[in-house]
Amino acid sequence: MRHFEGLKKIAVGGHESVEPRQVFLPHCLWRNDATRPGFEVLENFRFGKRKPQSYTYSPFYPVLQYNTTQANFYGGNFWDLRATGFLIQSADAEQAQDPVRDSQEMGMPDSACIVRRLSQSAYRHVFETVWGPQAFVITWPPDVDQICSTPAGAAIFGGNPTPVNLSAVDRGRSNATFDQYALAITAYEGSPDVSPFSSKFDAFLAGKKTLTANEMAGYNLFRGKGNCNSCHVDGRSTTLMPGQTDDGNAADVAPKFTDTTSSNLGLPKNPADPFYFQTTPDSFGFTPNPAGFAFTDLGVGLFLRNLSGTVPNSDWAPLAPAFDGFMQVSTARNVDMRPKCPNGKTFAKAYMHNGYLKSLKEVVHFYNTRDVYPFDVASGHCPAGTKEKVDCWPVPEVPQTKDMTVGKLGLTDLEEDQIVAFMKTLTDGYTTPYPDSNTFTGTCQVP
């Protein structure tokens, strides 16, 4: 218990201590991607190309592997699976190492900068108590703080990922300490403080709560006609055909609501993504997106081409075209989690990897009708007499690998609403409320 409390302090306090002055990361410690309003942002001048994902239940994703029988990847973290977990055998821990170094998030130019900030933080003694006094025995060069105050991607670094000049021994120690920092974060994220299985649905599974008629109807659709649990697995069979019943035992009494694979759902480009507008060098000589609107987010395909992250197995490279447009299947848990806003306002949210969909109703309607109302137009250009996201779906960003198991489910409007009602039962904090869950000091929209 003593060590867990130490790991928790490192994960929360240590993460705050490495935040550089010139950047800010409003999303990285929020509980779920559904509560996040937009994209990763480096204050004033840089935006990431995707919405941040949930960190609840992320430690349950295994180290990335390719299953030849299923012809699919399992595990890893991030939308594009680039946090493989190969190096320290934890995909979630490797995920935790990326935002602090990402040029469009916290922007540290070198992993050693995180270790340097940790060594100067109020939590240093906690870190040393857990991991040992050797963690920060490093001889730092005189210019370390100047380097670490310059964001990653700056032209002055010339693409060098390790501009802090350390000896081989000190670099090895810094790398080890950086790994320990990440392992502390994943230990906390996998704990009941963050991934508690405390939703109404968990209470239902335990026989302590009854779902409403609409919620139960939605659950039956979720694992039946809606085909949702084929990817967002709930431990039960999928009963797609009328008359089918699931009379087996549950495979999982604490389901994660993800199969940890990836898929291309055929989403259109989101023209509101600020990444498309970052086409010129910023004040540090860094251009986040030289391609502008011509950029196509190939997701896992980018990763398999070594264009985001490093592929650990060269045998995977030829698979890239088959995985173009694929994004990780996120857990459906906490998909409706949001802060409670004052004065009757609502918290602005966005869904999917590019934030194109803005409500759970839109998400379910997209799965249901993508191929019922397809139009060969870009977002914002639906024909007169149609309404985008209602009876007009723009062309997919990556059409050639589109998942055909969704898009024409035949759900009624009521059935869509019932699935939404069920998904709202997956929000944690129902049986054990989060402390200060009703305290929110941010900005909410007028409904």
Side-chain angles (χ1 to χ4, degrees), residues 3 6-20 28 59 62-64 76-78 82-103 105-154 156-190 303 306 308-314:
H3 269 184
L7 292 169
K8 177 179 176 179
K9 288 179 180 178
I10 294 167
V12 179
H15 204 90
E16 293 171 352
S17 72
V18 301
E19 189 170 332
C28 70
V63 173
L64 185 65
N77 261 204
F78 285 122
R82 69 184 185 274
T84 65
F86 265 61
L87 184 61
I88 52 179
Q89 288 298 290
S90 168
D92 186 60
E94 288 190 18
Q95 183 280 330
Q97 293 179 320
D98 196 86
V100 286
R101 296 178 297 174
D102 193 308
S103 59
E105 291 194 59
M106 296 177 80
M108 289 289 201
D110 189 321
S111 63
C113 294
I114 290 87
V115 178
R116 171 68 171 174
R117 295 288 174 88
L118 287 169
S119 73
Q120 298 172 319
S121 75
Y123 296 89
R124 173 173 176 155
H125 71 285
V126 178
F127 198 104
E128 291 172 327
T129 298
V130 174
W131 296 108
Q134 81 295 330
F136 302 113
V137 181
I138 296 171
T139 301
W140 298 104
D143 61 350
V144 61
D145 293 322
Q146 179 183 349
I147 291 173
C148 293
S149 295
T150 305
I156 193 173
F157 296 134
N160 181 8
T162 56
V164 177
N165 187 19
L166 297 176
S167 69
V169 171
D170 284 339
R171 176 60 65 175
R173 177 158 292 163
S174 176
N175 289 344
T177 301
F178 186 48
D179 288 345
Q180 291 160 351
Y181 155 80
L183 290 168
I185 291 176
T186 197
Y188 178 51
E189 289 179 349
F303 163 62
N306 286 306
S308 66
T310 302
V311 177
N313 186 337
S314 60

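Since this is a predicted model, take the numbers as computed values, not measurements.
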Please name the pair of heavy atoms, one in [X] and one in [Y], separated by the smallest distance, quoted to 0.1 Å.
| X | Y | answer |
| --- | --- | --- |
| A93 | A182 | O-CB, 3.2 Å |
| P151 | F157 | O-CE1, 3.6 Å |
| F78 | A83 | CD1-CB, 3.7 Å |
| V63 | G85 | CG2-O, 3.7 Å |
| P312 | F86 | CB-CD2, 3.6 Å |

Does [X] use its side chain to pair, donor to acceptor, with the backbone of [Y] at less than 3.5 Å?
| X | Y | result |
| --- | --- | --- |
| R173 | I138 | no |
| T177 | A135 | yes |
| E189 | D92 | no |
| D170 | T139 | yes |
| T150 | Q146 | yes |
| S174 | R171 | no |

To the nearest 0.5 angstrom, please state how far the [atom1] atom of [X] sits from the [atom2] atom of [Y].
| X | Y | atom1 | atom2 | result |
| --- | --- | --- | --- | --- |
| S119 | I114 | OG | CD1 | 11.5 Å |
| R116 | F136 | CZ | CZ | 11.5 Å |
| R82 | E94 | CZ | CD | 11.5 Å |
| D179 | S90 | CG | OG | 10.0 Å |
| L183 | Q89 | CG | CD | 11.0 Å |
| Q120 | D145 | CD | CG | 5.0 Å |

Step by step, work out the side-chain contact (heavy atoms from CB on, under 4.5 Å) result for R101 and S111. CA-CA 7 Å; R101 296 178 297 174; S111 63; 3.9 Å; yes
Side chain to side chain contact (heavy atoms under 4.5 Å, CB included) partner of D110, chosen from L166, I147, V115, T162: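 Testing D110 for a side chain to side chain contact (heavy atoms under 4.5 Å, CB included) against L166, I147, V115, T162 leaves exactly one candidate, T162.
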Using side-chain heavy atoms (C-beta onward) and a distance below 4.5 Å, is R117 in contact with M108?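 A side-chain contact under 4.5 Å exists here.
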Apply side-chain contact (heavy atoms from CB on, under 4.5 Å) to the pair T84 and F303, showing each step before the final yes or no. CA-CA 10 Å; T84 65; F303 163 62; 3.6 Å; yes
Walk me through whether N165 and W140 qualify under side-chain contact (heavy atoms from CB on, under 4.5 Å). CA-CA 8 Å; N165 187 19; W140 298 104; over 6 Å; no
F127 ring centre to R124 NZ or CZ under 6.0 Å, with the angle to the axis within 45°?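 No cation-pi geometry.
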